[in-house]
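Below is one structure, written out as structure tokens; comments come after it.
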Amino acid sequence: MPRPVHLDEAIATHVHDGDTVALEGFTHLIPFAAAHEIARQGRRHLKLVRMTPDVVYDQLIGLGVADELVFSYGGNPGVGSLHRLRDAVEKHWPHKLVVHEHSHAGLANAYVAGAGRLPFAVLRGYRGTDLEQQSDIISRVTCPFTGEELAAVKAVNPDVTVIHAQLADPEGNVMLWGLTGVQREAVLAADRAIVTVEEIVDEFPERTGAVILPEWALKAVSVVPGGAWPSYALGYSTRDNDFYQQWDVVSRDRGAFLAWAKENGLEAAADD
Amino acid sequence: MPRPVHLDEAIATHVHDGDTVALEGFTHLIPFAAAHEIARQGRRHLKLVRMTPDVVYDQLIGLGVADELVFSYGGNPGVGSLHRLRDAVEKHWPHKLVVHEHSHAGLANAYVAGAGRLPFAVLRGYRGTDLEQQSDIISRVTCPFTGEELAAVKAVNPDVTVIHAQLADPEGNVMLWGLTGVQREAVLAADRAIVTVEEIVDEFPERTGAVILPEWALKAVSVVPGGAWPSYALGYSTRDNDFYQQWDVVSRDRGAFLAWAKENGLEAAADD
Amino acid sequence: MTESWNSADMMNVAAARELHDGDVCLVGVGPPNLAANLARHTHAPGCRLVYESGAIDAKPRRLPLSIGDDDLAATATSVVSVPEMFNYWVGAGRIDVGFLGAAQIDRFANINTTVIGDHDNPKTRLPGAGGAPEIAANAGRVIVIVKQSLRTFVEQVDFVTSVGYGPTGRERQAPGAGPTLVITDHGVLEPDPATNELTMTRLHPGVTVEQARAATGWDLKVADSIQTVPVPTDTELDMLRRLRAREVI
Amino acid sequence: MTESWNSADMMNVAAARELHDGDVCLVGVGPPNLAANLARHTHAPGCRLVYESGAIDAKPRRLPLSIGDDDLAATATSVVSVPEMFNYWVGAGRIDVGFLGAAQIDRFANINTTVIGDHDNPKTRLPGAGGAPEIAANAGRVIVIVKQSLRTFVEQVDFVTSVGYGPTGRERQAPGAGPTLVITDHGVLEPDPATNELTMTRLHPGVTVEQARAATGWDLKVADSIQTVPVPTDTELDMLRRLRAREVI
């Protein structure tokens with residue numbers, strides 16, 4: 001089913017205004033090229049989900065793509081703040097961003113529940129934190145055997161999940177390895193999954209720790225070499241740490257950010 | 001910590017009368033050699049846990065090792081009945097065996113909860129079945145977000161889990177691949193884990209789908225080539241289908257079974 | 001020349017025919033294994049075989065002897081753990097067709113594979129649930145393959161291991177459609193659209209309604225316009241025999 | 001010859017010294033990363049570094065730039081998914097020592113990394129929870145590394161992201177022991193055994209009690225017999241600089 005399609009076609013077909021969209025990749029294999037295509041096509045009012053918003057969502061938020069954000073850690077890893085995220089939350093620029101904050105364990109388990117099509121997941125956490133005040137996504141359940149009270153998180157089921165992977169095979173099966181984060185769950189929790197890959201090979205190599213997703217669990221596969229830049233794809237590229245450092249400068253200032261967007265053909269939207 | 005020890009020492013140190021013991025390996029990598037050592041050392045009153053009791057537990061049950069059995073499918077795969085299991089349940093020979101029957105999904109999730117040190121797990125299943133009458137291990141919970149009622153299973157946390165794997169490295173880390181079943185969860189749910197391996201290698205090869213368990217999560221590693229016979233270790237051996245067929249004949253008859261046990265140095269215990 | 005065949009062949013062939021190209025099919029031991037592989041090697045080369053042992057898209061080169069056959073892992077697109085298989089694939093409703101067997105089945109397709117007799121003092125201890133309860137609940141549709149006899153087709157099952165349509169046919173609460181077909185050595189039964197009562201809708205060639213009734217422990221409902229299942233083709237029979245001989249195909 | 005050092009060096013060295021050989025240590029970005037790798041390359045070569053990105057027993061050859069550094073997966077004994085990391089390793093209590101940072105911390109070691117100001121209209125939106133709430137709850141012991149100032153050591157945190165000992169020091173309900181040490185650029189604080197109130201038990205060389213009090217937003221409790229932390233050794237300082245320079249070690 002997912003014979004390679006161009007990325008613009010994959011995004012146009014599967015990502016719609018107002019969708020809940022997860023672009024996953026925990027510190028590795030972050031689908032930047034797909035994110036840029038979503039911005040380029042002018043999608044609006046997205047509810048973005050991602051454990052670590054990272055620079056990729058800082059860009060989308062600054063570009064006005066998102067109305068809401070579900071996340072668990074919103075920093076520029078190893079650098080500092082995400083200035084576009086902060087500007088949207090603190091000063092509502094380019095418009096207000098509503099945030100839903102999980103812990104890593106909480107959001108990871110929300111995807112786990114989503115992948116299993118269960119309405120919630122149970123974990124040992126959150127207890128006594130103010131995060132529990134978000135009662136629409138975090139609650140408690142009582143163990144029917146021991147009476148112990150535990151945390152419950154509401155399942156996350158994105159309309160669309162996008163990930164970047166190293167390989168696809170000619171049938172459209174996909175393989176990723178290295179730090180594979182929560183991608184398996186994010187893909188299986190979604191209604192529609194799109195994967196960009198570095199390349200297509202006849203046969204997958206042996207790779208300890210690899211995740212393989214069968215083509216029938218995916219909607220589209222696009223070949224986008226370097227699609228994770230400035231993050232990295234193990235075996236193909238290394239993280240462009242300079243870009244992450246420079247982003248701190250570019251993103252601090254609205255004008256510099258807008259200039260960056262224009263230069264890269266990612267027009268920041270007039271706010272609506 | 002788990003520098004290779006002889007199997008007899010591993011079993012003597014870690015498996016005690018009355019323990020809850022899980023020998024896992026779903027149709028592959030079944031730890032037969034360790035099971036035989038448990039019988040040889042005369043362990044009694046064990047509560048055995050295993051998704052698929054298979055011939056390995058048929059032997060242990062016939063030898064009088066077990067008082068209770070937690071399981072989800074008790075057949076001789078591809079052949080028929082487990083006659084020693086049936087004799088123990090139906091005729092109390094060599095003594096009564098109390099059985100707790102899960103579905104595969106239920107027992108797998110009971111190990112998942114155990115591995116995460118949670119008291120229970122949630123799944124979509126069991127509803128309307130008579131299996132639900134076992135209210136000490138199967139119950140229901142209500143989703144705090146949607147109100148939906150789901151099945152809950154009580155966690156399984158064995159005192160000891162034993163598995164067979166292909167490889168250990170010099171530090172005692174363990175690697176297994178092929179059908180890896182529920183072994184990761186069974187090991188991590190246990191208080192103490194013992195692993196028999198085919199061999200020790202300096203460095204692990206790349207193997208897609210492999211499970212690697214760090215040495216500090218294990219109590220003992222023993223080198224037992226062929227330790228899964230008559231089941232198999234992918235890359236090392238193939239399943240001895242003839243043995244599984246012959247077992248149907250041997251195990252049908254108490255006398256034939258006792259003769260087999262004696263021949264193999266696995267004295268069936270006088271019942272106590 | 002038409003090869004000869006028996007009722008077991010017919011049952012397997014009839015089951016295989018119900019698999020469609022592209023179906024994701026959860027395969028168990030025994031007849032389902034034979035039927036699914038027969039389908040894949042005849043009319044449904046694109047059906048996807050999933051084994052509860054963890055193999056997704058297994059393409060066994062010869063008939064697997066058990067669901068743990070080494071050929072399954074070797075030829076699968078992906079091998080996953082058993083918890084992942086049940087949570088993310090079976091439980092999540094990604095299986096289009098699940099095959100089940102039965103030691104007892106009642107008129108509302110409730111299935112017993114646990115005990116004959118009393119649960120705590122059984123006459124016969126059966127293998128137990130396995131993956132069946134969740135397959136019965138969550139597969140898009142369920143095909144039961146079982147020989148029809150007074151021993152298996154009973155008024156009331158001794159124990160409900162897997163739910164069909166519930167005690168009176170109206171209690172099913174599950175994401176999947178339930179047992180939409182029961183394929184026996186006599187023919188095919190389907191739940192009545194209004195009542196979910198299993199109704200004989202097709203007979204295998206040479207089988208009579210009277211024979212089917214005599215092999216059923218309740219007053220068997222028969223469709224007004226009962227069909228006859230087409231005889232096995234030579235292609236089907238030939239492949240069935242090659243699979244049983246465990247030829248590499 | 002003794003090398004010169006500053007308060008940040010002292011803080012990292014003091015943190016590193018708290019790791020013991022054999023400890024399973026969950027490492028976060030920033031100072032914890034530096035401290036854990038310093039420990040591993042000095043007195044605790046057998047400590048096991050776990051990164052929440054999925055790397056178990058990572059042995060990075062140079063200081064990782066982030067928890068997603070490619071050297072982590074390449075040198076780890078095992079790489080697991082993020083759900084597995086949190087469910088089977090962190091949540092299950094397999095972590096002996098967790099390091100945490102803080103934007104605000106109160107006298108009962110409750111931690112805020114979410115917002116400064118009102119939650120819905122914050123003055124400063126901070127990065128958020130990350131792995132901290134479950135590390136705080138489930139690690140055997142927690143070491144907080146944070147610079148001591150009126151901005152960070154506050155009478156009341158604006159938001160409780162991770163629980164120390166609760167609002168009055170008596171509300172902790174979690175498997176782990178909680179924050180047993182808070183290591184700052186001024187010295188070390190430990191919860192009072194009776195009340196769980198953070199108590200200054202050690203000062204870094206050259207730091208006075210008055211300086212520590214002036215950097216604390218509540219009436220700081222000081223141990224009767226306050227100790228002085230030994231100055232960094234040349235070995236420690238040398239390794240700290242090599243790690244910061246990202247030398248391959």
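Sequence lines set the chain letters: A, B, ... in the order given, protein chains first and strands last, and positions in each chain run from 1. Atom set for the values below is all heavy atoms of this structure, side chains included, hydrogens, waters and symmetry mates excluded.
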Out of C:Pro127, C:Ala76, C:Gly68, C:Ala73, which one racks up the most heavy-atom pairs below 4.5 Å with chain B? C:Pro127
At a 4.5 Å cut-off on heavy atoms, which part of B:Glu90 comes close to chain C: side chain, backbone, both, or neither? both
Chain C contacts, top residue of B:His28, B:His104, B:Gln183 (heavy-atom pairs, under 4.5 Å): B:His104
Closest non-hydrogen atoms of C:Ala129 and B:Leu131, given as atom of the first, atom of the second and distance, are CB-CD1, 3.9 Å
In terms of heavy-atom proximity below 4.5 Å to chain B, should C:Glu52 be classed as side chain, backbone, both, or neither? both
So, for B:Thr27 and C:Ser53, which heavy atoms are closest and what is the spacing to 0.1 Å? OG1-CB, 4.2 Å
With a 4.5 angstrom heavy-atom cut-off, could you sort out which part of B:Val112 is near chain C: side chain, backbone, both or neither? side chain
Which portion of C:Asp70 sits near chain B, non-hydrogen atoms under 4.5 angstrom: both
So how far is it from C:Arg125 CZ to B:Leu85 CG, rounded to the nearest 0.5 Å? 7.0 Å
Verify the distance criterion only: is there a donor paired with an acceptor across the side chains of C:Thr114 and B:Glu101 at less than 3.5 Å? yes
Count the heavy atoms of every other residue, nucleotide or ligand shown that sit under 6.0 Å from CZ of C:Arg244, and state whether that count exceeds 12. yes
B:Ser81 portion near chain C, given a 4.5 angstrom heavy-atom threshold: neither
Contact winner vs chain C - B:Ala105, B:Ala108, B:Gly78, heavy-atom pairs under 4.5 Å: B:Ala105
C:Thr124 versus chain B, the contacting section by heavy-atom distance below 4.5 Å: both
Identify the two heavy atoms, one from B:Val89 and one from C:Pro122, that lie closest to each other, and give their separation to 0.1 Å. CG1-CG, 3.7 Å
So B:Met51 and C:Val82, do their side chains get closer than 4.5 Å, heavy atoms only? yes
Residue B:Glu206 excluded, over 12 heavy atoms near CD under 6.0 Å: yes
Calculate, to the nearest 0.5 Å, the distance between atoms CG and NE2 belonging to C:Asn121 and B:His92 respectively. 5.5 Å
Measure across B:Gly181 and C:Pro83 and return the closest heavy-atom pair with its distance rounded to 0.1 Å. O-CD, 3.7 Å
Nearest heavy-atom pair of C:Glu134 and B:Tyr126: which atoms, and what distance? OE2-N, 3.7 Å
Between the CD atom in C:Gln173 and the CZ atom in B:Arg127, the distance rounded to the nearest 0.5 Å is 4.0 Å
Between CZ on residue B:Arg124 and CG on residue C:Asn87, distance to nearest 0.5 Å: 11.5 Å
Under 4.5 Å from any heavy atom of chain B - which part of C:Pro64: neither
Turns out that what part of B:Tyr244 lies under 4.5 Å from chain C's heavy atoms comes down to neither
As an exercise, state the distance from CG of C:Asp69 to OG1 of B:Thr238, rounded to the nearest 0.5 Å. 10.0 Å
Flag if over 12 foreign heavy atoms under 6.0 Å of NZ, C:Lys147: no
In short, C:Gly130 meets B:Tyr73 closest at the heavy-atom pair CA-CB, 3.8 Å
Starting at CG of C:Asp71, measure out to CG of B:Leu234 and round the result to the nearest 0.5 Å. 10.5 Å
C:Asn33 portion near chain B, given a 4.5 angstrom heavy-atom threshold: neither
Relative to chain C, which segment of B:Leu179 carries a heavy atom at a distance below 4.5 Å: side chain, backbone, both, or neither? both
